[in-house]
Number of protein chains: 2
Amino acid sequence: MEKFRSFYESHPRFHVAIDCVVFGFKDRELKILIQQRNFEPFQGVWSLMGGFVREDEDIDEAARRVCNELTGLKDVYMRQVGTYGKVDRDPGARVVSIAYCVLIDIDRYNAQLNMMNNSYWENITTLPDMFFDHKDMIRDALKLLQRKVSREPVGFNLLPSLFTLTQLQTLHEAILGESIDKRNFRKRVGEMNFIEKTDLVDKTSSRRGAYLYRFNNSEYQRNPEFKL
Amino acid sequence: MEKFRSFYESHPRFHVAIDCVVFGFKDRELKILIQQRNFEPFQGVWSLMGGFVREDEDIDEAARRVCNELTGLKDVYMRQVGTYGKVDRDPGARVVSIAYCVLIDIDRYNAQLNMMNNSYWENITTLPDMFFDHKDMIRDALKLLQRKVSREPVGFNLLPSLFTLTQLQTLHEAILGESIDKRNFRKRVGEMNFIEKTDLVDKTSSRRGAYLYRFNNSEYQRNPEFKL
DNA sequence: TTTCAAAAGTGTATCATTTACACTTATTTT
DNA sequence: AAAATAAGTGTAAATGATACACTTTTGAAA
């Protein structure tokens, strides 16, 4: 391939970045992790958590690495949202950025990282102005999440491994931005036998207590049909 | 920003390419435009039609330019599918490639371009082995198209501006890979008043002749609800 | 210890949507 | 005149989606 080097070298090269739209769920609200940069360039600007792709990394590997650096978590659900490449989207240099939608259980997130990264969990309904096209990335990531949450078991990534049906429902409501009928919702849950009732009870959110459920992925794989 | 140049320069840069998954529809078959390269590198390998992003171009502009160079057409429907960035996906150099799904009316395509580009219309069901991840791009572009065709008026981009309902139905069948009940299909068409019957008749495909319809986009915009 | 507050849990009837299904019509060719 | 070919048309049954309100359980407060 050596002899065709000029074929490639006649074309320009760009920085390629990863931006993570990290979703979490707490207090009935869908949140995302944003950062107010305390370093140059763009100090003080609100932005998504990101990083650059390295020479020796697949872009998905880079996304996993960046996400791990920012959240401390491994084996996290992430999906590519899209790629953003306006010429002037980053005034410091030509940067093409690939956005990823990341879903984490907010309780597994080490809050100390917020100090280190100067980052915050902000409700998606009350985001500040943000760096260039980062609002577009968030919008598109949310659309992706909305499209998936009713048809694939992705919401469980935002919950603890044991959760109540009320938590699951309020999660769906927060993602879809609309309220859901409780009895209809539970009827649909009941049709999916991979959402398993345990005999454990959570009493933190009510006096009566609510049964805890878990998502059984291997059972789901045997008959992967999901509708909520 | 000058003083932060090193912030960027400490990170690597990559070639960024566009690959177009160009769909066409003819003889009841969904086809895509592929090219057997008659130039180095990778001479003889089947691949999608592509090109590199330039310094002064947004990626969407680059996609439009590349698509225009390859099809001769302007103002075509195109949507980003995803970005493919495995380290070794192109052995000649590190190239990150953004795939676009492109829908054209195959009758507007100048067949002479096939000579110039060494390109062909191949049925999606009978594709040859292809360059690295180009099959993945095609699979993902087809998924995108399948997801959209029933809920948004995108199929019309693959048809002439006047079309019969049988053409529209066989197009949907080709995209979805399953047969559709004729009466149910036409019932749904009848519910969308932006699919307008003309008094023109096409007699090329049957003795009786079939009424020609057209898609009225401004009527659609007044009440954008689509279900087929 | 009784009362109150707060969330959990439970079923049915109606409505809307989707599916299954087969013959007639119009025209050209033989 | 008959045959061949694709266009065009409606209804009934089944399935899925929606609307809707009261009882239960428990801890905290009176």
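Letters A, B, ... are given to chains in the order of the sequence lines, protein chains preceding strands, and every chain is numbered from 1.
- Across all strands, S205(B) comes closer than 4.0 Å only to sugar-phosphate atoms, never to a base (heavy-atom distances).
- Listed candidates were dG9(C), dA6(C), dG8(D). Nearest to the side chain of A210(A) is dG9(C).
- The shortest distance between the side-chain N/O atoms of K203(A) and the OP1/OP2 oxygens of dG27(D) is below 4.0 Å.
- Residue R183(A) has its side chain nearest to dG11(C) when only dG11(C), dG8(D), dA8(C) are considered.
- With respect to the salt-bridge test (charged N to carboxylate O, under 4.0 angstrom), the residues R188(A) and E191(A) do not qualify.
- Distance, L228(B) CG to dT18(C) C1': 14 Å, rounded to whole Å.
- Put simply, the side chain of R208(B) and the base of dA26(C) share no donor and acceptor less than 3.5 Å apart.
- A salt bridge does not link E61(B) with R65(B): none of the charged nitrogens is closer than 4.0 Å to a carboxylate oxygen.
- When only modelled atom types and interatomic distance are considered, T164(A) and D202(A) share no side-chain donor-acceptor pair under 3.5 Å.
- Comparing R28(A) and N184(B) along DNA chain C, the residue whose closest nucleotide (by nearest heavy atom) sits nearer the 5' end is R28(A).
- Residue G209(A) is the one, among D181(A) and G209(A), whose nearest nucleotide of DNA chain C lies closer to the 5' end (criterion: closest heavy atom).
- Protein atom CG of D202(B) is 14 Å distant from nucleotide atom P of dT27(C), rounded to whole Å.
- For the pair Q169(B) CD and dA6(D) C1', the interatomic distance rounds to 12 Å; values are reported in whole Å.
- The nearest whole Å value for the distance from the CD atom in E225(B) to the C1' atom in dT17(C) is 14 Å.
- Between the Q35(A) side chain and the N117(A) main chain, a donor and an acceptor come within less than 3.5 Å of each other.
- Using modelled atom types, one side-chain atom of N110(A) and one backbone atom of Q112(A) make a donor-acceptor pair closer than 3.5 Å.
- Atom C1' of nucleotide dG8(D) and atom CD1 of I180(B) are separated by 17 Å, given to the nearest angstrom.
- Atom-to-atom, CD of Q167(A) to P of dG9(C) comes out at 11 Å; the value is rounded to the nearest Å.
- Following rounding to the nearest Å, F163(A) (CZ) and dA8(C) (P) show an atom-to-atom distance of 14 Å.
- Across all strands, K197(B) comes closer than 4.0 Å to no nucleic acid atom at all (heavy-atom distances).
- Looking at the side chain of T166(A), the nearest of the listed nucleotides dA7(D), dT28(C), dA8(C) is dA8(C).
- Ranking dA17(D), dA8(C), dA7(D) by closeness to the K182(A) side chain, first place goes to dA8(C).
- A donor and an acceptor atom never sit less than 3.5 Å apart when one is taken from the side chain of R207(B) and the other from the base of dA7(D).
- Rounded to an integer number of Å, the gap from CZ of R186(A) to P of dG9(C) is 5 Å.
- Across dG8(D), dG27(D), dT18(D), the shortest atom-to-atom separation from the side chain of K187(A) is found for dT18(D).
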